[in-house]
Amino acid sequence: MKFKQLLLPALLLIYSLQLVAQPPRWILVAPGVWKALIGKPEAYNLLTASGAKPFAAGLEKMGSVSFPFDQAELAATISDGKTSLRFPLDEDEQLYGFGLHFQTVHQRGKILQLHVDHYGGKDNGRTHAPTPFYVSSKGYGVFVNSARYINVYAGSGVRKDSKNAPTEKDRNTDKSWPAHPYSDAVEMLVPAAGVEVYIFAGPTALDAVRRFNLFNGGGVLPPRWGLGFTQRVKSLFTDEEVAKEAAAFEEKGYPLDFIGLEPGWQSKSYPGTFEWDKNRYPEPQKFVNQMLAKGIRLNLWINPYVSRSAPFYNAIKPYTASHTVWVGEIPDFNIPAARKIFFDQLQKNQVGIGVSGYKIDEVDGYDHYLWPDVATFPSGITAEQMRQTYAMLAMRYTMPMFRNQNKRTYGLVRANNGSGVSFPYVIYNDYYNHEDFITALINSGTAGVLWTPEVRASKTGEEWLRRFQTVIFSPMAMINAWSSGTKPWSYPQVAEQVKELALLRMQMMPYWYSEFAKYHFAGTPPFRGMHLEPGFHAEVKKEAGSSSLEENPYAEAVLKEIKDQYMAGEYLLVAPLFTGQKTRKVVLPKGKWYDFYSGEYAGDGEVLTIEPGLNKIPVYAKDGAIIPMMKPRLHAPKAGEKVDLLIRFYGTKPSQYMLYDDDGETFNYEKGDYTFHQLKVEKNKAGSLIGTISNAPAGKPNTVGNVTWKFMTDTVK
Ligand code: GAL
């Protein structure tokens, strides 16, 4: 009796305690990284799916800093089986991140549902990499480690108990009435009764991104050949047609490091058999050897859905989902037996005979063909969690095949998520808006992923060249001709310009490779938005919404943001033009900037209006930029091959740069087999600039041949 009397109030007390927003307890887990466990976090999350381990040495190097804001400002509540999270938001704070968006960079005010999907034309959180990580202009980052569809209110809700509540205004008479009054919080709803949250300190926004990337294992270090040029051929090409295509590249003098075969390499696709088609590829081993002998590697398209005709169909069947994709079985990669059966086939049939990598397609969406949320998987992981992590699992479990051979890979994937930073895969999609492709490149830098603005076909030579110009300044220089069959020279009026660009990509390989080393060792994204650049303070102007009261009385102010220029590595600012555009504005950060091609001074912290002509993609180099380059060539250097360097220097400011060197192909760098050559530019007694390069320590990799310095900026004038 007594017990019963006490039970109800006790239960009510427990319930109300849960409803009270409690500041979480933060535990320091790495320098500048804190974790809080809220409620009972689920065992399966983004980190367990990726298997990523922090890159401790990189984080140590960044050093300790204090917690980036008042801990009492954070709140977490569990109710209705869901977790609500609240983070502070100052009036002048800007937010970036929450994944791979295509049309917007600034995320403040957004309402999103983070959901792995193809990009459907709207920045609503459904995208190829809906990373639950954001970074603030105040210099910190937040990561919600959950494999659930998370609702994000990025500064949209206004609470009664807001510390800095906006005042009520009368729309009848007050023109300053805002449709969206100031919100002092980023709020999120995670559909699980507990979650793990991480805070990454700065001091700068870029530092917070770096800590996030390092915490997830550090960025990808591709093999050198991965940074060369790649062509994907028509889907039903035969071995002879592929060989002919490669020969045409060689003959015409266009660079080529790897060729991608599309679904037709398999005997059946959608769903696939994961074995070579006997008619198109009668002797796969011979074919692969033949291509390798010409310096061309092969990348194979797959999606993971298994046909009844696959040789391992019966074996894998017990380990597949309740539903199918294009009637193919969906392997549950959380089950070791499923992985073994699936990847043994790839190992035996493809990687084992010399295939260099994969394009993992259709692991993102659409809802119509992917499994529904009611599907079940034999591991017990829910359909929702699988949707959020399937691409990461697929990438993760390809890795042992390459590690066993001590060969790096670099491929393509159509989805990723928070914590997939270190997988050697670049995201692409079927959407084909050039401007939006560049905005995605910007956002990839805060999403912990790589993205390629791939070139497919174009309506005009102008469009072809404009697209080509940007893919050269991206993580993967690729033509995806799976359906069109286009080649770099398909538009004769711009074929020479395209060749020059492809060769420029090759010349810049020492720079690209060093920048990727920085992604790996220091977490710095090689391609990123201007908002992460010190000295960049472009005003985010709010312009009145255009619609009238009849159309939308709650119209939001439109944000004018910089989403068409980006940083490529430490020193270069890329400002592309799009079809039809003759002029554009370039917003230069503070500090002196120089024209990449001529070395001439371009400006300092100002907005330029330029008219560069069709043949040029405008690129600017920072004062003190050291850009290591090499001679134009058709293939990446082989392991250990000595390469002459031509090192460009821009501006007048003495500086230094770390040129990365290793064998370019294996994982030996993980055991310390690498060299950072110090490139240094100083003023001598006479006041002239002199460049020097440090030697490799004894026994460490050294591929540097003769070195020539080129001082691009004429300092005599
Ligand atoms: C698409 C993919 C394309 C191409 C095609 C082949 O889903 O995005 O790049 O690979 O499949 O069927």
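In this text the structure is predicted, and so the values were computed from the model without any measurement. We count ligands from 1, going down the list as the structure has it; atoms in each ligand are counted the same way.
Remark: minimum distance from atom 12 (O) of ligand 1 to any protein heavy atom is reached at Y270 OH, 2.8 Å. In this structure, the protein non-hydrogen atom closest to atom 1 (C) of ligand 1 is D361 OD2, 3.1 Å. With respect to atom 8 (O) of ligand 1, the closest heavy atom belonging to the protein is D430 OD1, 2.5 Å. Atom 10 (O) of ligand 1 has its closest protein heavy atom at E262 OE1, 2.4 Å.
Aromatic pair W512/Y519: ring centres not closer than 6.0 Å.
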Original post:
Do R297 and L292 pass the side-chain contact (heavy atoms from CB on, under 4.5 Å) test, and can you show the C-alpha distance, the side-chain angles, and the key distance before you say yes or no?
Top reply: CA-CA 6 Å; R297 290 174 168 80; L292 287 175; 3.8 Å; yes

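Heavy atoms from other residues, nucleotides or ligands lying under 6.0 Å from NZ of K244 number 12 at most. Atom CZ of R633 has more than 12 heavy atoms from other residues, nucleotides or ligands within 6.0 Å.
The proximity of K359 to ligand 1, defined as any non-hydrogen pair under 4.0 Å, is limited to the side chain. Counting heavy atoms closer than 4.0 Å to ligand 1, residue N429 contributes nothing at all.
By the 4.0 Å heavy-atom criterion, S235 is excluded from the residues contacting ligand 1.
Aromatic ring orientation, F249 versus W489: perpendicular (interplanar angle above 60°, classes split at 30° and 60°).
Counting atoms of ligand 1 from 1 in the listed order, those under 4.0 Å from a heavy atom of E362 are 1 (C), 7 (O), 11 (O).
Side chains of T48 and N45: a donor-acceptor N/O pair is present below 3.5 angstrom, by distance only.
Scanning H118, R232, R414 for the heavy atom closest to atom 7 (O) of ligand 1 points to R414.
The ring pair (Phe, Tyr, Trp, His ring centres under 6.0 Å) test with W265 is passed by exactly one of F237, W276, Y281: W276.
On a distance-only criterion, E454 and ligand 1 share no N/O pair closer than 3.5 Å.
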